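So the structure is just underneath, and the comments pick up after that.
These numbers come from a predicted model, not from an experiment. Labels below follow one simple rule: chain letters A, B, ... track the order of the sequence lines, proteins then strands, and each chain is numbered from 1.
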Amino acid sequence: MIGAILTQQTRWENVERAIQALKEAGLCSIRAIRDASPGQIEDLIRCSGFYRVKTHRLFHLASHIMDTYGGVQGMRKKPTGELRASLLSVHGIGEETADSILCFGLGRTSFVIDAYTIRICRCAGIPGDRTVLKSAFEEILPARIGAYRQAHAHIVEYAKDYCQKKRCDTCLVRNLNG
DNA sequence: CACCAGGTTGACC
DNA sequence: GGTCAACATGGT
């Protein structure tokens with residue numbers, strides 16, 4: 001969940017270092033973050049960029065979870081749809097981050113649609129916005145969490161190698177809205 | 001030095 | 001309802 005916030009518009013390699021720093025400081029948990037000082041969190045996650053806004057977002061998420069569910073454990077028995085709406089109500093958490101938390105954090109079969117996925121679908125001639133593509137993937141994928149995680153991971157890996165700026169200029173799909 | 005990165009929000013037309 | 005800058009550091 002913490003990684004989902006930190007990776008917003010940021011390479012995962014930089015996020016890993018921030019998470020390692022949080023762990024070494026004993027602050028890599030929802031409760032610990034809620035009770036930490038903002039300055040300390042800022043220093044620890046600096047290497048993941050946007051450290052001030054991300055610190056705020058971590059606090060928003062942490063206090064929301066503690067206040068609403070009493071902790072991460074309290075989220076386990078709730079239905080996925082309810083959790084998703086709940087997460088989306090947190091300032092700084094949009095659809096991708098919410099699905100990322102559900103899929104990779106809580107093991108729910110809620111497919112993550114990121115900018116790469118939309119871009120690749122455009123390259124492949126598959127139209128539709130995030131909502132349409134999410135439904136399409138969820139109809140196709142087997143209802144196993146491993147399948148959801150791997151499919152997303154494979155798309156990101158593929159995009160890094162083949163859908164970067166140069167190649168995408170070739171297939172004219174730079175504009176995600178067009 | 002220029003450009004980009006798995007996103008979200010709020011301001012402005 | 002669409003477009004755009006802000007957020008900030010690290011890598012190529």
Side-chain angles (χ1 to χ4, degrees), chain A residues 1-22 25 33 38-65 83-124 126-134 136-138 141 145 147-178:
Chain A
M1 296 188 193
I2 293 167
I5 300 252
L6 295 182
T7 200
Q8 289 172 347
Q9 193 66 24
T10 303
R11 309 175 106 84
W12 181 251
E13 301 81 64
N14 292 338
V15 174
E16 282 184 319
R17 296 191 310 174
I19 288 178
Q20 187 56 37
L22 286 171
I33 283 177
Q40 193 176 9
I41 301 296
E42 287 183 1
D43 289 339
L44 293 169
I45 70 170
R46 186 154 316 211
C47 61
S48 72
F50 302 116
Y51 63 89
R52 270 193 288 255
V53 53
K54 284 177 180 175
T55 293
H56 281 304
R57 292 175 183 179
L58 285 174
F59 275 115
H60 287 144
L61 174 65
S63 54
H64 175 77
I65 290 176
L83 288 176
R84 191 169 196 273
S86 176
L87 288 167
L88 287 175
S89 75
V90 178
H91 187 90
I93 294 183
E95 297 202 49
E96 178 178 342
T97 305
D99 287 329
S100 201
I101 288 172
L102 289 170
C103 182
F104 291 91
L106 293 171
R108 306 303 178 98
T109 51
S110 190
F111 195 70
V112 179
I113 302 289
D114 58 10
Y116 281 159
T117 307
I118 296 173
R119 206 187 288 176
I120 284 182
C121 285
R122 290 279 159 75
C123 280
I126 303 168
D129 59 16
R130 160 180 265 106
T131 305
V132 169
L133 292 177
K134 178 175 164 65
F137 273 98
E138 292 181 350
L141 287 169
I145 187 59
Y148 275 61
R149 290 175 175 172
Q150 286 172 33
H152 176 67
H154 284 145
I155 286 172
V156 173
E157 277 308 302
Y158 178 88
K160 281 185 186 172
D161 293 338
Y162 298 104
C163 209
Q164 292 288 353
K165 189 164 79 78
K166 289 174 187 168
R167 298 273 182 126
C168 273
D169 282 341
T170 303
C171 57
L172 304 175
V173 288
R174 289 293 293 165
N175 183 0
L176 297 180
N177 298 315

Sugar-phosphate, base or nothing in reach of E13(A), heavy atoms under 4.0 Å: nothing
H91(A) vs F104(A), nearer the 5' end of DNA chain B by closest nucleotide: F104(A)
Integer-rounded Å distance: dG7(B) C1' and I101(A) CD1: 12 Å
Atom pair distance, as rounded to whole Å: CG in L6(A) and C1' in dG10(C): 15 Å
Whether F111(A) and Y148(A) hold their rings parallel, tilted or perpendicular, with breakpoints at 30° and 60°: perpendicular
Atom pair distance, as rounded to whole Å: CZ in R52(A) and C1' in dA6(C): 11 Å
Touch class at under 4.0 angstrom, heavy-atom based, for I155(A) against every strand present: nothing
Spacing of R46(A) atom CZ relative to dC7(C) atom P, expressed in whole Å: 15 Å
Phosphate OP1/OP2 of dG10(C) contacted by R11(A) side-chain N/O (<4.0 Å): no
Length of the CG-C1' vector between N14(A) and dA8(C), whole Å: 11 Å
From dG11(C), dA5(B), dG7(B), nucleotide with atom closest to R17(A) side chain: dG11(C)
Touch class at under 4.0 angstrom, heavy-atom based, for R57(A) against every strand present: base
Under 3.5 Å: donor-acceptor pair, side chain of R84(A), backbone of A98(A): no
Least distance between heavy atoms, I101(A) atom then I93(A) atom: CD1-CD1, 4.1 Å
d(CD, E95(A); P, dT8(B)) in whole Å: 8 Å
Touch class at under 4.0 angstrom, heavy-atom based, for Y51(A) against every strand present: sugar-phosphate
Closest to the E96(A) side chain, choosing from dA5(B), dA8(C), dG7(B): dG7(B)
Student check: side-chain heavy atoms of M1(A) and I65(A) closer than 4.5 Å: yes
Q8(A) side-chain N/O to dG7(B) phosphate OP1/OP2 under 4.0 Å: no
Under 4.0 angstrom between R119(A) side-chain N/O and dA5(B) OP1 or OP2: yes
Nearest-nucleotide pick for A115(A), side chain only, options being dA8(C), dG7(B), dG10(B): dG7(B)
Flag side-chain contact, heavy atom, 4.5 Å: T117(A) against I120(A): no
P spacing across the pair dA8(C) / dG10(B), given as an integer number of angstrom: 15 Å
Spacing of F50(A) atom CZ relative to dA5(C) atom P, expressed in whole Å: 14 Å
Euclidean distance, atom CG of residue L61(A) to atom P of dG7(B) [Å, nearest integer]: 18 Å
Ion pair check, E42(A) and K54(A), cut-off under 4.0 Å: no
Residue closer to the 5' end of DNA chain B, V90(A) versus D114(A) (nearest nucleotide): D114(A)
Any T97(A) side-chain nitrogen or oxygen under 4.0 Å from OP1 or OP2 of dT8(B): yes
